[in-house]
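In what follows, a structure is listed as structure tokens, so that the remarks can point back to it.
One-based numbering along the sequence shown. Computed from heavy atoms alone, side chains included, the values below leave out hydrogens, waters and symmetry copies.
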Amino acid sequence: MTDSVGKHDTVFKFSPTQEKFVFSGAHVAFFIGPMGEGKTFAAVGGLIAHAQRCGRDIRCALVRDTHQNIKISTVPDIQEILGSLVSFHDDYKKMIIHSQPKVSVDLFGIDDPASLSKLQGPQYAAIWLEEPAPIAEKANAGLPRDVFNMSLARAARQKDTAMRVQITQNPADEDHWTEEIAHGPRVLGEDPDTGEQIIMEVFRIPRGENKELN
């Protein structure tokens, strides 16, 4: 939950698992949990915390299966979380979180052949993959693994920022690529430009940890 303490101030109250995810220094932070356990809330906190970690305004991307699902599902959740601290523009293709430092986010869905190329142009400090595993009851088609691979290559291209790829999703089938990665090695690879190892942390929120949920 959040509490407003001033015109431009909001205090986030995280559960133990949410807090670990939000403040994780890993290059890839993976958050898995049942519906209603605060994944979007933690992801928003993660972007703001990452801007503070970088010490400057950052540019990010939020990627989902379709832009329509972002508009009807993700956007209302973010509006409820942040209230007047967030604004949307260009038919919900742009989002600004008016935190200090500021977080600017491009929102798009991978629902057209050219959409994947959108990750190749801008220089991002963080990329958020929302619900990459299919959810039949929510008509969510998920994301292909290519999007994750591209995110690893494009995050932290903004000058003087650290890398953060954050993934939020419901539990997936064991043979889905997200579960394969989540159960895989902690070291995902090496940055070809810096030689730095790319480290992943996986956080699975226990059912019932969110005390705000009935």
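- His50 places a side-chain N or O within donor-acceptor distance of the main-chain N or O of Ala162, the cut-off being under 3.5 Å.
- For the pair Ile198 and Leu152, the tightest heavy-atom approach, listed with the atom from each and the gap, is CG2-CD2, 4.5 Å.
- Between Asp175 and Glu180, the shortest heavy-atom contact is O-OE2, 3.4 Å.
- The structure places CG of Leu85 at 13.5 Å from NZ of Lys102, a figure rounded to the nearest 0.5 Å.
- Annotation: side chain of Gln166 is in contact with side chain of Leu47 (closest heavy-atom distance under 4.5 Å).
- Heavy atoms only, all atoms of each residue included: Val165 and Ser151 are closest at CG2-O, 3.7 Å.
- When side chains are defined from C-beta on, Ile96 does not count as touching Val105, because their heavy atoms never get closer than 4.5 Å.
- Lys39 places no side-chain N or O within 3.5 Å of a backbone atom of Gln18 that could act as its donor or acceptor partner.
- Looking at Arg154, its side chain never comes within 3.5 Å of a backbone N or O of Asn149 through a donor-acceptor pair.
- Side chains of Glu131 and Thr168 form no contact here, defined as non-hydrogen atoms less than 4.5 Å apart.
- Taking every heavy atom of both residues into account, Phe14 and Ala42 meet most closely at CE2-CA, 4.5 Å.
- Transitive grouping of hydrophobic side chains (ILVMFWY, heavy atoms separated by less than 4.5 Å) keeps Phe30 and Ile199 in distinct clusters.
- The pair Lys93-Asp106 fails the salt-bridge criterion, with no side-chain N (NZ, NE, NH1 or NH2) lying under 4.0 Å from an Asp/Glu carboxylate O.
- Listed here is the closest heavy atom pair of Val103 and Ala51: CG2-CB, 3.8 Å.
- Distance check: Thr66 OG1 to Asp111 CG gives 5.5 Å after rounding to the nearest 0.5 Å.
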Problem set entry | Stepwise side-chain contact (heavy atoms from CB on, under 4.5 Å) check, Val63 with Leu107 | CA-CA 6 Å; Val63 187; Leu107 298 82; over 6 Å; no
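- Arg164 forms a cation-pi arrangement with Phe21, by the criterion of a distance under 6.0 Å to the ring centre and an angle within 45° of the ring axis.
- A salt bridge is absent between Glu179 and Arg145; no separation between the charged side-chain nitrogens and carboxylate oxygens falls under 4.0 Å.
- Arg204 approaches Ala182 most closely through the heavy-atom pair NH2-CB, 3.7 Å.
- Residues Ile32 and Asn170 form no side-chain contact, since every pair of their non-hydrogen atoms from C-beta on lies 4.5 Å or further apart.
- The line from CZ of Arg59 to OH of Tyr124 is 5.0 Å long, rounded to the nearest 0.5 Å.
- Between Ser87 and His98 the shortest side-chain heavy-atom distance falls below 4.5 Å.
- Note that CD1 of Ile58 and CD1 of Ile97 are 8.0 Å apart. Values are rounded to the nearest 0.5 Å.
- With hydrogens and angles disregarded, no donor-acceptor distance shorter than 3.5 Å links the side chain of Gln52 to the backbone of Ala49.
- With hydrogens and angles ignored, the 3.5 Å screen pairs a side-chain donor or acceptor of Thr161 with a backbone N or O of Gln158.
- Within the 4.5 Å cutoff, the side chain of Leu129 has heavy atoms near those of the Val147 side chain.
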For this session: Give the C-alpha distance, both sets of side-chain angles, the deciding distance and a yes or no for side-chain contact (heavy atoms from CB on, under 4.5 Å) between Arg64 and Ser73.
Result: CA-CA 11 Å; Arg64 193 164 175 166; Ser73 183; 3.5 Å; yes
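- Checked for salt-bridge contact, Lys71 and Asp91 meet the test: a charged N lies under 4.0 Å from a carboxylate O.
- Using cut-offs of 30° and 60° for the angle between ring planes, the Phe148 and Trp177 rings count as tilted.
- Looking only at side-chain heavy atoms (C-beta outward), Gln197 and His27 stay at 4.5 Å or farther from each other.
- Side-chain atoms of Phe31 and Ile167, non-hydrogen and from C-beta on, never get closer than 4.5 Å to each other.
- For the pair Asp65 (side chain) and Ala141 (backbone), a donor-acceptor distance under 3.5 Å is present.
- Atom OH of Tyr92 has 12 or fewer heavy atoms from other residues, nucleotides or ligands within 6.0 Å.
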